[in-house]
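This report refers to the structure that appears directly beneath it.
Count residues from 1 along the sequence.
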Amino acid sequence: MNIVDKTYFILGTIILVVGMLLCFTYRPYVYTNNINDFGFANAIGSLISVIAFCFIAWGQKNYTNKDKNKQIIIATLAYSFIWESLGLVGIWGTFDKMDIVAALLSGLLTYVAKELIEKKRAQGIT
């Protein structure tokens with residue numbers, strides 16, 4: 001595993017752990033105290049979904065930039081539309097339009113972060 005693969009894996013793991021901790025601590029706190037955080041507590045899982053999934057996967061195997069872009073698109077569509085649709089039909093969770101927006105934002109953030117990391121890789125910094 002090279003330094004870039006390690007970077008992806010470590011970042012993905014940190015994002016996943018922090019996101020899950022927020023889901024189990026921040027979300028109940030906001031709900032219990034009726035705090036208006038503009039939907040952040042509700043969307044934490046969707047915000048971390050694509051970036052955590054992709055980064056952890058990329059930490060396991062060295063994919064081409066083109067493959068990474070395809071994976072971002074697939075993961076974004078899966079989390080935003082397929083996963084949320086399960087709630088719409090009553091199979092899993094509840095349907096929430098803001099989760100779709102959050103998953104789309106997660107895909108965009110994943111792409112931007114990947115581009116920054118790959119730029120540093122091309123410059124020989126990482």
Side-chain angles (χ1 to χ4, degrees):
M1 184 182 289
N2 64 42
I3 188 72
V4 176
D5 294 341
K6 287 179 186 176
T7 300
Y8 278 126
F9 184 78
I10 291 168
L11 285 174
T13 303
I14 290 170
I15 291 166
L16 179 65
V17 169
V18 169
M20 296 308 293
L21 286 173
L22 287 172
C23 283
F24 291 116
T25 58
Y26 176 76
R27 180 183 288 171
Y29 178 80
V30 167
Y31 291 167
T32 301
N33 294 292
N34 295 318
I35 297 171
N36 181 7
D37 69 347
F38 305 102
F40 176 73
N42 189 42
I44 294 169
S46 295
L47 282 170
I48 67 163
S49 60
V50 178
I51 195 165
F53 172 79
C54 286
F55 276 27
I56 290 171
W58 299 341
Q60 304 298 313
K61 182 180 175 189
N62 191 7
Y63 292 96
T64 67
N65 202 36
K66 186 176 179 179
D67 286 338
K68 289 177 184 174
N69 288 338
K70 288 179 187 176
Q71 292 163 351
I72 292 170
I73 292 168
I74 292 167
T76 301
L77 293 174
Y79 280 107
S80 60
F81 297 108
I82 297 170
W83 185 259
E84 278 304 305
S85 295
L86 295 176
L88 187 61
V89 296
I91 295 174
W92 178 262
T94 58
F95 178 78
D96 186 356
K97 293 177 194 172
M98 288 308 295
D99 279 338
I100 292 173
V101 173
L104 293 171
L105 181 60
S106 182
L108 179 63
L109 292 172
T110 303
Y111 177 78
V112 170
K114 177 203 56 96
E115 288 296 310
L116 292 172
I117 292 169
E118 294 300 325
K119 182 179 178 181
K120 289 193 179 281
R121 173 189 273 187
Q123 294 171 346
I125 295 172
T126 55

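Taking each heavy atom of Ala102 and Ala43 in turn, the nearest pair found is CB-CB, 3.7 Å.
Taking CZ of Phe53 as the reference point, atom CD1 of Ile74 lies at 9.0 Å (rounded to 0.5 Å). Annotation: the span from Ile100 atom CD1 to Leu77 atom CG amounts to 11.0 Å, rounded to 0.5 Å. The CG atom of Asn65 sits 3.5 Å away from atom NZ of Lys114, with the distance rounded to the nearest 0.5 Å. Rounding to the nearest 0.5 angstrom, the gap separating the CD1 atom in Ile72 from the CG atom in Asn69 is 5.0 Å. Rounding to the nearest 0.5 angstrom, the gap separating the OG atom in Ser46 from the CG atom in Leu105 is 10.5 Å. Atom CD1 of Ile44 is separated from atom OG of Ser106 by 12.5 Å, given to the nearest 0.5 angstrom.
For the pair Ile117/Leu11, a side-chain contact is recorded, criterion being any heavy-atom separation below 4.5 Å from C-beta on.
The hydrophobic clustering, which links ILVMFWY residues whose side-chain heavy atoms are closer than 4.5 Å, places Leu109 and Ile10 together.
Atom OH of Tyr31 is surrounded by more than 12 heavy atoms from other residues, nucleotides or ligands within 6.0 Å.
A cation-pi arrangement is present between Lys68 and Trp58, with the terminal nitrogen or guanidinium carbon under 6.0 Å from the aromatic centre and inside a 45° cone about the axis.
Counted by atom type alone, Tyr26 and Asp37 present one or more donor-acceptor pairs between their side chains at under 3.5 Å.
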